[in-house]
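Everything below concerns the one structure shown next.
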Amino acid sequence: MQKNYNNTGTPDELLAWDKEVIWHPYTPLTGAAEPILITGGEGVYLHTADGRKIIDAVSSWWVNLHGHSNPYIARALAEQATTLEHVIFAGFTHAPAIRLAKNLLTILPPGQSRIFYSDNGSTAVEVGIKMAIQYWHNRGITQKKKVIAIHGAYHGDTFGSMSVSDRSIFTDPFKPYLFETVFIDFPTAANETEVINQFREYVAQGDVAAFIYEPLVQGAAGMRMYTPAVLNALLGEAQAHDVLCIADEVFTGFGRTGKLFASEYCVFQPDIVIVSKGITGGTIALGVTSCTDKIAQAFQTEDFRKTLFHGHSYTANPITCAAANASFDLLTDPDCQRRIDRISRQQEAFAAQLDNHPVVLEARSLGTILRIELRTEEGTGYEHSLRKKIFPYFIERNILLRPLGNILYVLPPYVMTEEALQTVYTAIEEFIQTLPTKA
């Protein structure tokens, strides 16, 4: 008789089975530390099988906005599950998806008018790229084929999203299969004028279809931040030369930068916006690609061949949409906005406190995002050896901080109290004291 594992397994057995059958993301199959068995979560805490409470200071890969096991989202999800769990979204529709689209369009950057659902951030980027490329195809304009991105970009792990991402450890095995992308330098205080000129030269050639960018913060590249002024200048140049602008707000959306979307810091607005991560409050995976009427009009024809032929089996899953609507309610509550403001001020104050520390190369914040780049002889990079020291140091102190090489970042859920965030700061200060002060 075949064994049913649903109701069996001690913690030790579960971990042994995990090692036998699970392939974890971004994790070597050999030599990695044993994963921590999580049995539950509540608010900012993750509960482990051995009775520990771990502060989730990175919002579980940047998705958890309102705390773990949020009861309001859980009720919405459960109620929807007993009404309609799923229906094909080609030729059918349902209230949760319609309500979510209307809700999102009240807060997305100005000009967005259509919502396309997918499954996660990478697939939402794929949709955005395909929309932009097919926009020109449907209009019969064949010379616009190039896509511009920014060095250091990370837009996902599918092939289209990898193609517009920086060539790095993430993409090395797949380089021969990626389409060519033009990369401009990452804007810094020292090179903003040069970057704008570089961009202007590319778009002036008339063959650029789209510019894709992470507005103001490159997350996976180490929480690298650049100014609204330079981004606004790039968007202005793009729009002056009829280049479509794709804002990848997968990370920066839903309040992370202090505003609901990072695009709000700019005057010029994108043609296409990509969101995911925080959209359901970290409950279920969902991706959304929105666009303006300008984009949609190129597809509004009875010519069947000009259809956007893209879809997913679980497109606009009703349970997922119900969770996203509940997260929207929580996000737009004035109390949540006050907590975002308080966390933002607390992050800014701690960054200022650390910025002149001898082992801190830079401490910087934007909204709820705190970035601390540690100064070492090894330089800065995703593969930096400090990553092997940082994670276990904080886990031993019941704090989840997942570094990007030698870069520490804090990205709390919006329910993080001042006291809990101070606990994280104290641990960071203690960790910094363990590092050599000589560069």
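Every value quoted in this text rests on a predicted model; they were computed, and no experiment measured them.
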_Under a 3.5 Å threshold, yes or no: a donor from one side chain and an acceptor from the other, between Asp341 and Ser344?_
no
*asked:* Can a side-chain donor-acceptor contact be found between Glu192 and Thr227 if the only test is distance below 3.5 angstrom?
replied: yes
*So, His94 side chain and Ala316 main chain: donor-acceptor pair closer than 3.5 Å or not?*
yes
*Can you find a side-chain donor-acceptor pair between Thr368 and Gln347 that sits under 3.5 Å?*
no
*Salt-bridge criterion met for Asp335 and Arg339 (N-O under 4.0 Å)*: yes
*Are Asp56 and Ser60 close enough that a side-chain donor and a side-chain acceptor fall under 3.5 Å?*
yes
_Under the side chain to side chain donor-acceptor pair (under 3.5 Å) definition, can you give me all pairs with a residue in residues 275-287, not counting sequence neighbours?_
none
*Going by the ring pair (Phe, Tyr, Trp, His ring centres under 6.0 Å) test, which pairs reach into residues 193-232, not counting sequence neighbours?*
Phe186-Tyr226, Phe199-Phe211, Phe211-Tyr213
*Quick check: does any side chain N or O of His241 sit under 3.5 Å from a backbone N or O of Val243, one acting as donor and the other as acceptor?*
no
*Start with the C-alpha gap between Thr83 and Gln80, add the side-chain angles, then the distance that decides, and say whether side chain to side chain donor-acceptor pair (under 3.5 Å) holds.*
CA-CA 5 Å; Thr83 303; Gln80 184 59 47; 5.2 Å; no
*Given the rule in the ring pair (Phe, Tyr, Trp, His ring centres under 6.0 Å) test, do Tyr135 and Phe299 qualify, once you have shown the distances and angles that lead to the verdict?*
CA-CA 7 Å; Tyr135 168 85; Phe299 297 84; 7.5 Å; no
*Look at Arg371 together with Glu362 and state whether they make a salt bridge at an N to O cut-off of under 4.0 Å.*
yes
*For the pair Glu214 and Thr252, evaluate side chain to side chain donor-acceptor pair (under 3.5 Å) and give the outcome as yes or no after the intermediate values.*
CA-CA 8 Å; Glu214 298 158 274; Thr252 53; over 6 Å; no
*Residues which pass salt bridge (charged side-chain N to carboxylate O under 4.0 Å, His left out) with Asp242, listed by chain and number, not counting sequence neighbours*: Lys294
_Aromatic plane relationship, His310 with Phe116 - under 30° parallel, 30 to 60° tilted, over 60° perpendicular_ = perpendicular
*Specify whether Phe159 and Phe174 have parallel, tilted or perpendicular ring planes, treating 30° as the upper limit for parallel and 60° as the lower limit for perpendicular.*
perpendicular
*Can you tell me if Glu429 and Gln353 form a side-chain donor-acceptor pair at under 3.5 Å?*
yes
_As a quick check of understanding, evaluate side-chain contact (heavy atoms from CB on, under 4.5 Å) for Leu366 and Leu216, giving each step before the final call._
CA-CA 9 Å; Leu366 177 64; Leu216 306 189; 4.1 Å; yes
*Examine Tyr117 together with His312 and report whether their ring centres are nearer than 6.0 Å.*
no
*Short side-chain donor-acceptor distance under 3.5 Å, Gln112 and Thr292*: no
*asked:* Pair Phe170, Tyr382 - check ring pair (Phe, Tyr, Trp, His ring centres under 6.0 Å), show working.
replied: CA-CA 10 Å; Phe170 295 95; Tyr382 185 80; 5.1 Å; yes
*Roughly how far apart are Glu126 CD and Met131 CE, rounded to 0.5 Å?*
12.5 Å
*Quick one: do His86 and Tyr314 satisfy ring pair (Phe, Tyr, Trp, His ring centres under 6.0 Å)? Show the steps, please.*
CA-CA 8 Å; His86 189 59; Tyr314 283 91; 5.0 Å; yes
*So, Asn406 and Thr376: side-chain donor and acceptor under 3.5 Å apart, yes or no?*
no
*Side chains of Trp61 and Tyr26: donor-acceptor distance under 3.5 Å anywhere?*
no
_Those residues that, when tested against Phe431, pass ring-ring contact (aromatic ring centres under 6.0 Å, His included) (two or more places apart)_ = Tyr393, Phe394
*Can you list the steps and then say if Ile372 with Ile407 is a side-chain contact (heavy atoms from CB on, under 4.5 Å)?*
CA-CA 6 Å; Ile372 304 166; Ile407 295 168; over 6 Å; no
*Do you see a donor-acceptor pair shorter than 3.5 Å between the side chains of Glu348 and Ser365?*
no
Taking distance alone, no hydrogens or angles, what donor-acceptor pairs closer than 3.5 Å link side-chain atoms of residues 95-103 to residues at least two apart or in another chain?
from   : atom 1 : to     : atom 2 : distance (Å)
Asn103 : ND2    : Arg99  : O      : 3.3
Asn103 : ND2    : Asn325 : OD1    : 2.9

*Stepwise ring pair (Phe, Tyr, Trp, His ring centres under 6.0 Å) check, His66 with Tyr72*: CA-CA 10 Å; His66 311 296; Tyr72 184 74; 9.2 Å; no
*Listed by chain and number, what are the ring-ring contact (aromatic ring centres under 6.0 Å, His included) partners of Phe179, not counting sequence neighbours?*
none
*asked:* Any carboxylate oxygen within less than 4.0 angstrom of a Lys/Arg side-chain nitrogen, looking at Asp207 and Lys144?
replied: no
*Can you tell me if Ser385 and Glu378 form a side-chain donor-acceptor pair at under 3.5 Å?*
yes
*Any donor and acceptor pair, going by atom type alone, linking the side chain of Ser327 with main-chain N or O of Gly281 inside 3.5 Å?*
yes
